[in-house]
2 protein chains.
Amino acid sequence: MNTQNLRKDVHTDGTPVVCLSCEARHRGVCGALTSEQLTTLSKTSYKHKLGEGHELVGEAEKVESYSNILSGVVKLTKTLADGRQQIVGLQFAPDFLGRPFKADSEITAQAATNVSLCSFPKSVIDRMIRESPGLEHKLLEQTLKELDEARDWMVTLGRKTAAEKVASYILMIARHIDPEAGPDGASATFDLPMTRADIADFLGLTIETVSRQITKLRTDGVIVLENNRHVFVPSVERLELRAGS
Amino acid sequence: MNTQNLRKDVHTDGTPVVCLSCEARHRGVCGALTSEQLTTLSKTSYKHKLGEGHELVGEAEKVESYSNILSGVVKLTKTLADGRQQIVGLQFAPDFLGRPFKADSEITAQAATNVSLCSFPKSVIDRMIRESPGLEHKLLEQTLKELDEARDWMVTLGRKTAAEKVASYILMIARHIDPEAGPDGASATFDLPMTRADIADFLGLTIETVSRQITKLRTDGVIVLENNRHVFVPSVERLELRAGS
DNA sequence: ACCCGACGTTGACGTGGATCAAAGTGCGTG
DNA sequence: CACGCACTTTGATCCACGTCAACGTCGGGT
């Protein structure tokens with residue numbers, strides 16, 4: 001992580017701002033900590049913001065910190081030698097970011113939108129994991145959730161058509177960002193957190209194909225667009241049909 | 001899990017055979033247990049064998065046991081409503097099999113080859129996980145490893161050509177089954193543990209395309225085949241070039 | 001207001017892999 | 001051995017998606 005890119009939020013006396021808000025998030029790791037550990041953490045953690053496109057974890061670079069995502073979306077990408085790219089994961093608040101027990105990763109993490117993070121040094125968290133079984137349990141749960149999501153996407157990548165892929169993507173975003181739009185027949189409104197290029201990299205398609213499929217969903221009345229980003233889904237159920245179950 | 005399909009190995013007096021061999025495997029969960037816990041486990045665990053194609057965990061069925069894989073290969077598949085299938089994971093001995101903290105799964109586990117397992121009831125392991133942090137740590141490590149593998153395959157599924165996919169698959173099998181064939185320039189010999197249909201489901205291709213690409217690798221001298229299953233790779237390095245890094 | 005560059009859309013065309021069809025190949029069984 | 005069956009290979013054709021190219025749209029800076 002290139003800390004020079006980061007703007008640290010500190011109090012006027014220079015002490016870092018502790019990310020107490022994490023405590024309230026059921027999937028953030030802080031919730032599993034004792035108040036004593038939280039105090040320890042507060043001395044080393046800091047909150048910061050990143051603009052869209054900023055890189056969090058360079059490829060093959062040493063990961064020197066872990067973070068909770070407070071807001072925004074982070075994309076995890078892998079790149080082949082010749083430049084072909086695939087997004088292998090999306091992390092939303094309040095996900096935990098960082099790979100325990102492994103100093104480096106072949107994965108690049110980038111801010112897909114503006115992102116605010118609460119970061120801690122790797123060493124502190126690694127020690128707390130060893131001391132606190134609850135924390136490890138939380139990590140296991142998030143990792144299992146990420147594994148489930150990855151496997152769902154493997155089906156999408158391997159076996160769905162371009163039309164189904166794009167519908168699946170919009171559906172997934174709808175469920176993440178507008179989760180209370182309700183099931184079956186209800187509508188949903190939200191902003192796509194990614195560019196067409198990112199969506200293409202996520203779905204294993206080209207920009208043009210993504211654009212054409214979005215156009216098709218629009219002309220078929222499955223979605224209504226304003227700015228290329230803002231989406232209104234009149235009937236989530238109808239979108240689900242397009243996603244190929 | 002349909003226990004009626006399973007042949008339990010029991011001693012002549014009827015007590016089940018405990019899978020003590022797990023203890024020696026670094027990735028099997030038993031290694032993380034105390035001898036006391038192992039004794040407890042021995043009262044409920046049993047070893048059994050499954051023929052190729054047997055289903056271990058039915059889709060949306062309750063998972064009632066966990067298992068260590070003692071030998072063979074297990075495939076995890078997901079199926080869309082219209083029958084399209086995607087293999088989302090392969091587990092080799094001594095991997096752990098079973099999804100903690102979740103009673104059901106949308107994943108089907110099937111024996112890809114003949115498989116022998118050491119199974120325990122879900123309740124026993126779930127309790128031991130709560131008591132023993134070391135066990136949870138082992139689970140976290142395996143889950144992280146599976147996540148890494150899943151993400152590697154997402155790149156393959158989304159961004160590689162059919163030729164690269166097949167080469168990547170053969171390379172992965174070579175590394176799993178003949179790991180001591182050595183790096184760079186060395187040769188490898190092994191049996192493909194799956195049918196062409198399985199390989200196609202794993203790579204998001206059709207049987208015909210898999211067959212054609214294997215033929216191409218053969219005529220190009222990258223691999224040498226005897227029985228459709230037995231593969232000799234004269235130069236692993238040359239195969240790596242075909243896998244598209 | 002103007003330009004500019006990034007992003008998105010649309011069209012024409014080519015191709016990689018799917019589909020449909022048929023012919024091997026190996027193996028267990030009567 | 002002949003048969004049947006499952007698996008694999010090979011060939012011919014088709015089409016979904018990639019590629020290449022042009023144009024449209026939006027937002028920010030001067």
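All values below were derived from every heavy atom in this structure, side-chain atoms included, with hydrogens, water molecules and symmetry-related copies excluded. So you know, we letter chains A, B, ... as the sequences are listed, proteins then strands, and number each from 1.
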Between [X] (side chain only) and [Y] (backbone N and O only), is there a donor and an acceptor less than 3.5 Å apart?
X         : Y         : result
Arg159(A) : Leu205(B) : yes
Gln86(A)  : Asp201(A) : yes
Glu164(B) : Thr161(B) : yes
Ser211(B) : Ile207(B) : no

query: Touch check for Ile214(B), heavy atoms < 4.0 angstrom, all strands: base, sugar-phosphate only, or nothing?
result: nothing
Interatomic distance, [X] [atom1] vs [N] [atom2] [rounded to whole Å]:
X         : N       : atom1 : atom2 : result
Asp198(B) : dC7(D)  : CG    : P     : 9 Å
Leu157(A) : dG17(C) : CG    : P     : 15 Å
Arg159(A) : dT19(C) : CZ    : C1'   : 13 Å
Leu217(B) : dT10(D) : CG    : P     : 13 Å
Glu226(B) : dT25(C) : CD    : C1'   : 15 Å
Leu205(B) : dT8(D)  : CG    : C1'   : 16 Å
Lys216(A) : dC17(D) : NZ    : P     : 11 Å
Arg196(A) : dC7(C)  : CZ    : P     : 12 Å

- prompt: Judged by modelled atom types alone, do Ser116(A) and Ser71(A) share a side-chain donor-acceptor pair under 3.5 Å?
  reply: yes
message: Under 3.5 Å, is there a donor on one side chain and an acceptor on the other for Thr108(B) and Lys78(B)?
response: no
- request: Would you kindly compare Ile207(A) and Gln213(B) by the position of their nearest DNA chain C nucleotide and give the one closer to the 5′ end?
  value: Ile207(A)
- request: Answer with yes or no whether Arg212(B) presents, from its side chain, a donor or acceptor under 3.5 Å of a partner atom in the base of dG16(C).
  value: no
message: Quick check: any donor-acceptor pair below 3.5 Å linking the side-chain of Glu208(A) to the base of dC17(D)?
response: no
OP1, OP2 of [N] versus side-chain N and O of [X]: anything below 4.0 Å?
X         : N       : result
Ser211(B) : dT10(D) : no
Thr215(A) : dT9(C)  : no
Thr209(B) : dA18(C) : yes
Asn228(B) : dT9(D)  : yes

- prompt: Starting at the 5' end of DNA chain D, which residue's closest nucleotide do you reach first, Glu52(B) or Arg218(B)?
  reply: Glu52(B)
Parallel, tilted or perpendicular: ring planes of Trp153(A) versus Phe202(A), cut at 30 and 60 degrees: perpendicular
- line: For DNA chain D, the expected dot-bracket line (Watson-Crick or G-U under 3.5 Å, [ ] crossing, | inter-strand) is ||||||||||||||||||||||||||||||
message: Between Lys75(B) and Glu52(B) (salt bridge meaning N to carboxylate O under 4.0 Å), is one present in this structure?
response: no
- prompt: So which nucleotide from dT19(D), dG8(C), dC17(D) ends up closest to the side chain of Thr206(A)?
  reply: dT19(D)
